[in-house]
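By convention here, the first residue in the shown sequence is residue 1.
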Amino acid sequence: MYSNMIHIRGAVLDRIGSPRPYSGSSGSQPISVVELDLDAPGPGEVLVRIEAAGVCHSDLSVVDGNRVRPVPMLLGHEAAGIIEAVGPEVDDVAVGQRVVLVFLPRCGHCAACATEGLAPCEPGSAANTAGTLLGGGIRLGRAGHPVYHHLGVSGFATHAVVNRASVVPVPDDVPPDVAALLGCAVLTGGGAVLNVGDPRPGQAVAVVGLGGIGMAAVLTALTYDDVRVIGVDQLPEKLAAARAVGAHEAYTPQQAADAGVKAVVVVEAVGVKVDGEPDEN
């Protein structure tokens, strides 16, 4: 068992809603990379050395104030790493295992957890909003003051302490940068196809918006037998990428409308528009 506090470095958001740009000499720079204290994992928790982390639109949503969270907060939720220590009551994962960190832990006991993935865990969602781990604890600190956790992960750092429910073991031969994407982009886009869409043979799946989440939905839909997969995006390079991974058809929105494209399952992954441009996850 790991028993000491360690010093780490991480990207901390000190204020939300700052004006753009967020970097450069004229930027508001609400995020800074700083030294932090990280407590040892408590009961039901693990210490993970972060190998790779992805930047997701959900991180930006906290920075710009679209998703209000307590600050200071160590950002990052799409990450993978190696377990370096386990706390008491953790006996099903071991030091040295590669794990994916996931942004919504499941308690396994609430009514939402009984829906087999169709509804988010109630205690997990409450902990994410409060900036704590699933058990309610905060393991991060700076100069004696607490630093909140982002979605139970805080992966923009050298190390993270997370609840056991926030990690999923993966084989050692899964590259860290690929494993990290499993924690959000693939979990979200692929999960939409698997848990909600669940297409039947002969049906079509249309994915609108071919960013990380949309491409994950395309790849997942392609695992189904006798299902036609259609990609829709306004950027030619993204349409080309969808075709390259196996999409049967790819259109701009106008082309899809002109062709009368229809699908039984539609995954909308465009996200929000920023300054008139699509900002796809």
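- With T220 contributing its side chain and A217 its backbone, the two residues share no donor-acceptor pair below 3.5 Å.
- Hydrophobic clustering keeps V218 apart from V186 (ILVMFWY residues linked when any side-chain heavy atoms are closer than 4.5 Å, directly or through intermediates).
- Side-chain contact between I31 and V63 is present, with heavy atoms from C-beta onward closer than 4.5 Å.
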* Asked: Please walk me through it: do I82 and E51 pass side chain to side chain contact (heavy atoms under 4.5 Å, CB included)?
  -> CA-CA 7 Å; I82 301 295; E51 295 182 291; 3.6 Å; yes

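- Salt-bridge check for D92 with R164: passed, with a basic side-chain N closer than 4.0 Å to an acidic carboxylate O.
- Judged by distance alone, with hydrogens and angles left aside, the side-chain atoms of T129 form a donor-acceptor pair with the main-chain N or O of S125 at under 3.5 Å.
- Remark: the backbone N or O of A185 is paired with a side-chain donor or acceptor of E78 at under 3.5 angstrom.
- For the side-chain contact (heavy atoms from CB on, under 4.5 Å) with L104, the qualifying choice from S166, P120, C184 is P120, the only one to do so.
- The pair D226-R228 does not count as a salt bridge, with every side-chain nitrogen at least 4.0 angstrom from each carboxylate oxygen.
- Inter-residue side-chain proximity for V232 and T252 is flagged as unmet; no heavy-atom pair is nearer than 4.5 Å.
- Criterion: ILVMFWY side-chain heavy atoms under 4.5 Å apart, direct or through other members. Under it, L74 and V33 are not part of a common hydrophobic cluster.
- For the atom pair R9 CZ and E35 CD, the distance stands at 5.0 Å (nearest 0.5 Å).
- H77 NE2 to L187 CG: the interatomic distance, rounded to the nearest 0.5 Å, is 9.5 Å.
- A side-chain contact (heavy atoms from CB on, under 4.5 Å) with Y224 is found for exactly one of V229, V193, V205, namely V193.
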* **V46 and V162: CA distance, side-chain angles, deciding distance, side chain to side chain contact (heavy atoms under 4.5 Å, CB included) verdict** => CA-CA 6 Å; V46 299; V162 300; 3.7 Å; yes

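- Listed by chain and number, the residues in a side-chain hydrogen bond (donor to acceptor under 3.5 Å, both in side chains) with D177 amount to none (sequence neighbours excluded).
- Every residue was checked against the salt bridge (Lys or Arg N to Asp or Glu O under 4.0 Å) condition with E268, not counting sequence neighbours, and none meets it.
- Considering only heavy atoms from C-beta on, V167 stays 4.5 Å or farther from Q97 through its side chain.
- Residues Y22 and P30 have side chains in contact (heavy-atom distance under 4.5 Å, counting atoms from C-beta outward).
- For the residue pair I230 and A204, the shortest heavy atom distance occurs at CD1-CB, 4.2 Å.
- Atom CG of residue N66 and atom CG of residue L60 lie 7.5 Å apart, to the nearest 0.5 angstrom.
- At a threshold of 4.5 Å between side-chain heavy atoms, the hydrophobic network of Ile, Leu, Val, Met, Phe, Trp and Tyr places V245 and L194 in one connected group.
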* To do: Please lay out, stage by stage, how V48 and H159 fare under the test side chain to side chain contact (heavy atoms under 4.5 Å, CB included).
  => CA-CA 6 Å; V48 178; H159 294 77; over 6 Å; no

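- A distance of 4.5 Å separates OG1 of T188 from CD1 of I213, quoted to the nearest 0.5 Å.
- Closest approach of D233 to L210, counting heavy atoms only: OD2-N, 2.8 Å.
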* Please walk me through it: do L181 and V178 pass side chain to side chain contact (heavy atoms under 4.5 Å, CB included)? -> CA-CA 5 Å; L181 296 178; V178 173; 5.9 Å; no

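- In terms of modelled atom types and a separation under 3.5 Å, the side chain of R200 and the main chain of D198 share a donor-acceptor contact.
- A salt bridge links R142 with D14: at least one charged nitrogen is closer than 4.0 Å to a carboxylate oxygen.
- L140 contributes atom CG, which lies 12.0 Å from atom OH of Y148 (distance to the nearest 0.5 angstrom).
- Side-chain N or O atoms of H149 include none that pairs as donor or acceptor with a backbone N or O of A130 at under 3.5 Å.
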